[in-house]
Amino acid sequence: MTQPFLDAAQVGFDLDAPDFVIVGSGAGGSAAARTLAGAGRSVVVLEEGPIPDRDNLSRIASTAMVSLFRNGGQMTAWGASNIPILQGCCVGGTTFVNSAIIWRLPESVLADWHARFGLASGLNADELDAAYTRIETEMRVKPVSPDAANHNDHLMAIAAAQTGITHRTLHRSETACEGSGRCLFGCPYDAKQSGTVNYLKRATDRGAFVVAHAKVDRVVLSGGRATGVEGRIVGKGPRAGERFRLDVKRAVLVAASAVQSPNLLRRSGLRSAALGERFMSHPGGAVTGLYKDPVRMWSGAAQGYETYGLRDTLGVKLETINVPPEIASARLPGAGHRWARWLDKLPFTGAWSFALRAEAQGRIRPSMLLGDYVTYTLTERDCARNALAIRKLTEMHFLAGAQAVIPLIHGLPEVITSPDQLPLFDQAPHHPSAYGVLASHLFGGCCAGSDPRTSVVDPHLRVHGTEGLYVVDASVFPSNTGVNPQHAIMAIASVASERLAAG
Amino acid sequence: MTLMGFEKRWARSIGAALLPSDALGSLVTEVDPGDAVAEQVRILPWYSGFGIRASIWLIWFAPLWIGDDPTTFGGLDAVDQVAMLETLLHLDAYPIRSLTLLFKLAICLGVLGRESVIARVEAYEYGREAFAREARAA
């Protein structure tokens with residue numbers, strides 16, 4: 001895996017000005033690189049994180065998070081409660097450490113973007129559909145195979161069928177999944193089709209350069225036009241600490257993520273009232289069920305089943321997930337021998353998560369102490385929907401045969417032992433601090449729109465008033481989507497890049 | 001960030017109360033909880049390390065403001081130490097509750113985040129054989 005990519009910390013880099021510089025190698029950056037390089041344009045992708053070493057990926061959560069996640073997996077949104085933000089920070093970005101779940105942007109969301117934000121000219125349905133179709137073929141999207149589905153998935157299927165809520169096997173981008181359960185810490189078998197193993201590799205096969213440990217500090221602007229980027233080599237190696245400048249012939253595409261892109265533009269000297277505003281997410285949490293027989297949720301695909309029928313009504317999507325054992329342990333109740341007895345039951349637990357299409361909006365600012373400073377507080381209505389989602393998952397665990405369920409709402413019993421207790425959820429507090437959620441799907445901060453007073457990029461994803469500068473990641477999404485965003489990010493990046501390649 | 005020697009001793013004492021030595025077939029005795037917490041403080045970003053350090057101080061001196069005895073966590077007997085941790089984990093005060101949970105998470109990452117524990121719970125490749133067997137049976 002390491003062959004196609006350059007590690008700037010080890011060997012530095014000295015490249016001629018390419019047609020396009022792409023900042024960030026996650027979903028947006030990798031899709032843009034594949035599209036532009038595929039069209040014969042010269043491309044350099046600059047990635048702050050390291051090149052993942054497939055042969056030395058760790059199963060241990062803290063080791064994996066420190067090496068592959070931003071801030072060691074400890075990035076936080078600050079507010080009435082502290083919400084952990086999980087983002088990959090390596091070549092491939094979050095695509096390397098997610099479950100590769102694929103969902104097209106719902107038609108209702110795109111229609112809303114057209115109606116409220118004037119995006120029809122840049123993001124039209126036909127172009128997006130063509131991009132989705134191509135991505136699904138190239139990224140080998142298919143339902144989780146029966147060999148990789150685990151008992152945790154089977155249990156959700158049983159429960160969802162009884163509730164009558166629409167459900168299905170998850171669709172992921174993978175080939176020949178071995179069911180190691182290690183998707184969230186990087187697939188050691190290259191079965192998961194991350195940007196790392198697929199689109200970035202395709203791009204380098206067509207002559208693109210992908211440079212790791214190259215942190216872009218700012219886009220160089222001259223006469224209202226992006227002319228290059230400046231940054232420094234990070235990580236460990238003989239070239240670490242060196243500064244670099246890379247000029248560009250055509251355009252800089254920023255794909256540094258919803259948290260980093262706004263501050264990169266700010267550091268570059270751009271000023272907009274909309275910059276860093278309207279940060280959104282899908283906060284979510286896991287509800288654990290205890291079963292009589294082993295569940296072994298860490299065997300098979302990390303995530304294999306979803307219940308999505310509540311997406312349009314409650315605004316939540318339910319999925320199975322194999323919370324890593326160490327982290328699952330922290331979510332078991334108690335201390336001392338009471339906790340120890342729960343730990344012995346770990347193999348008998350199954351975790352199901354919810355992702356909430358939250359109405360809350362936050363803000364991203366630079367901070368001397370924290371780097372990227374995110375403020376974000378769930379609204380009372382978000383909390384009420386959190387409680388309803390957790391209640392539904394609790395009910396479903398019992399339908400699947402759970403003996404006990406751990407809902408993790410402060411103020412309710414730690415352990416629910418009977419469906420007769422479900423009415424207790426009516427008394428769940430509607431304060432963010434009562435819920436232990438984290439945010440993994442992030443949106444906004446450089447929102448797209450036709451009005452430069454309320455948006456950062458135009459419908460073609462070009463920064464308002466600046467030539468040769470585009471943003472092609474989830475920071476341009478003017479609303480959250482209610483579905484896993486990787487596919488939509490790749491599609492909008494592909495559509496914008498196709499236009500650039502043709503122009 | 002680096003824990004001082006006395007902070008590591010406090011972390012060891014709190015960790016031993018939180019996670020008894022016979023948990024998970026005594027696998028938890030393979031690593032010292034003070035060392036494990038200190039390692040998490042060392043490798044995590046400064047604000048997480050600061051939070052873990054704050055949690056150690058908070059728990060160590062909790063009996064002074066939450067209990068009846070003018071003593072520290074180390075001055076409590078084993079039963080009262082566990083009771084104190086349970087109390088802190090359930091307090092309505094979010095900062096205290098969340099800091100105590102952060103210490104619990106640090107213990108999980110540091111003490112339970114090891115191959116022997118992963119193997120015991122048959123996670124990932126360690127569960128492949130049983131997974132395949134049960135899949136065939138199903």
Side-chain angles (χ1 to χ4, degrees), chain A residues 58-63 65-66 71-76 80-82 146-147 149-151 154 178-182 185 188 293-294 296-300 322 324-331 333-341 343-344 346-347 369-371 410-411 414 431-434 436, chain B residues 17-20 22-25 28 39-40 43-49 51 78-79 81-86 88-95 97-98 100-102 104-115 117-118 120-132 134-135 138:
Chain A
S58 178
R59 284 183 280 245
I60 306 301
S62 65
T63 307
M65 290 197 293
V66 165
N71 293 7
Q74 302 287 314
M75 195 160 60
T76 301
S81 64
N82 297 335
D147 289 344
N150 63 23
H151 194 43
H154 300 152
E178 301 217 1
S180 70
R182 292 167 63 179
F185 297 149
D293 298 317
R296 300 186 206 286
M297 64 174 160
W298 305 289
S299 297
N322 69 350
E326 309 94 306
I327 297 169
S329 299
R331 301 171 67 85
H337 285 100
R338 187 166 82 95
W339 187 35
R341 284 193 294 276
L343 291 176
D344 283 333
L346 260 179
L369 286 174
L370 298 168
H410 180 71
E414 280 182 300
H431 189 274
S433 66
Chain B
L18 181 66
L19 189 59
D22 57 352
L24 290 170
V28 299
E39 176 64 5
Q40 294 302 310
I43 64 174
L44 292 177
W46 72 267
Y47 52 85
S48 295
V79 172
Q81 284 182 337
V82 174
M84 176 59 64
L85 289 168
E86 290 270 13
L88 294 171
L89 285 166
H90 293 93
L91 276 184
D92 284 335
Y94 173 71
R97 190 173 79 239
S98 60
T100 310
L101 187 59
L102 180 62
K104 187 175 178 180
L105 180 61
I107 284 287
C108 286
L109 292 173
V111 177
L112 303 183
R114 289 174 315 107
E115 286 290 334
V117 175
I118 302 289
R120 180 184 167 86
V121 300
E122 295 188 316
Y124 312 129
E125 285 89 341
Y126 294 110
R128 182 171 280 166
E129 202 174 302
F131 174 62
E134 288 166 7

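This structure is a prediction, so every number in the text was calculated from the model and none was measured. Lettering follows sequence order; numbering is per chain, from 1.
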How far apart are the closest heavy atoms of [X] and [Y], and which atoms are they?
X        : Y        : answer
A/Ala61  : B/Leu109 : CB-CD2, 4.0 Å
B/Leu101 : A/Ala330 : CD1-O, 3.9 Å
A/Trp298 : B/Val121 : CZ3-O, 3.9 Å
A/Ala335 : B/Leu85  : CB-CB, 3.9 Å
B/Glu86  : A/Gly334 : OE2-CA, 3.4 Å
A/Gln74  : B/Ser48  : OE1-OG, 2.9 Å

Atom pair [atom1] ([X]) and [atom2] ([Y]), whose distance is rounded to the nearest 0.5 Å:
X        : Y        : atom1 : atom2 : value
B/Asp92  : A/Ser433 : CG    : OG    : 8.5 Å
A/Arg59  : B/Tyr126 : CZ    : OH    : 4.0 Å
A/His410 : B/Ser98  : NE2   : OG    : 11.0 Å
B/Glu115 : A/Ile60  : CD    : CD1   : 4.5 Å

Top of [options] for chain B proximity - count of heavy-atom pairs under 4.5 angstrom:
options                                : result
A/Met297, A/His151, A/Glu178           : A/Glu178
A/Asn82, A/Asn322, A/Leu346, A/Thr63   : A/Asn82
A/Pro324, A/Gly411, A/Ser299, A/Ser329 : A/Ser299
A/Ser81, A/Gly179, A/Ala434            : A/Ser81
A/Ala328, A/Gly73, A/Pro188, A/Ser180  : A/Ser180
A/His431, A/Met75, A/Arg182, A/Met65   : A/Arg182

Who wins among [options] for the most heavy-atom pairs under 4.5 Å with chain A?
options                              : value
B/Ala17, B/Ala130, B/Gly25           : B/Ala130
B/Gly51, B/Gly127, B/Gly113          : B/Gly113
B/Trp46, B/Phe131, B/Tyr124          : B/Tyr124
B/Arg97, B/Arg120, B/Glu39, B/Glu122 : B/Arg97
B/Leu89, B/Val117, B/Leu105, B/Leu24 : B/Leu24

(message) Heavy-atom cut-off 4.5 Å, strictly under: side chain, backbone, both or neither for B/Leu88 against chain A?
(response) neither
(request) Please tell me if the side chains of B/Leu19 and A/Leu343 come closer than 4.5 Å, counting only heavy atoms from C-beta onward. (result) yes
(request) Would you indicate whether the side-chain heavy atoms of A/Glu326 and B/Ile118 approach each other to under 4.5 Å? (result) yes
(request) Give, as side chain, backbone, both or neither, the part of A/Ser58 having an atom under 4.5 angstrom from any heavy atom of chain B. (result) neither
(message) Is A/Arg341 close to chain B through its backbone or its side chain, or both, or neither, when contacts mean heavy atoms under 4.5 Å?
(response) neither
(message) Run the side chain to side chain contact (heavy atoms under 4.5 Å, CB included) test on B/Lys104 and A/Trp339 for me, step by step, so that the C-alpha distance in whole Å, both residues' side-chain angles and the decisive distance to 0.1 Å come before the verdict.
(response) CA-CA 11 Å; B/Lys104 187 175 178 180; A/Trp339 187 35; 3.4 Å; yes
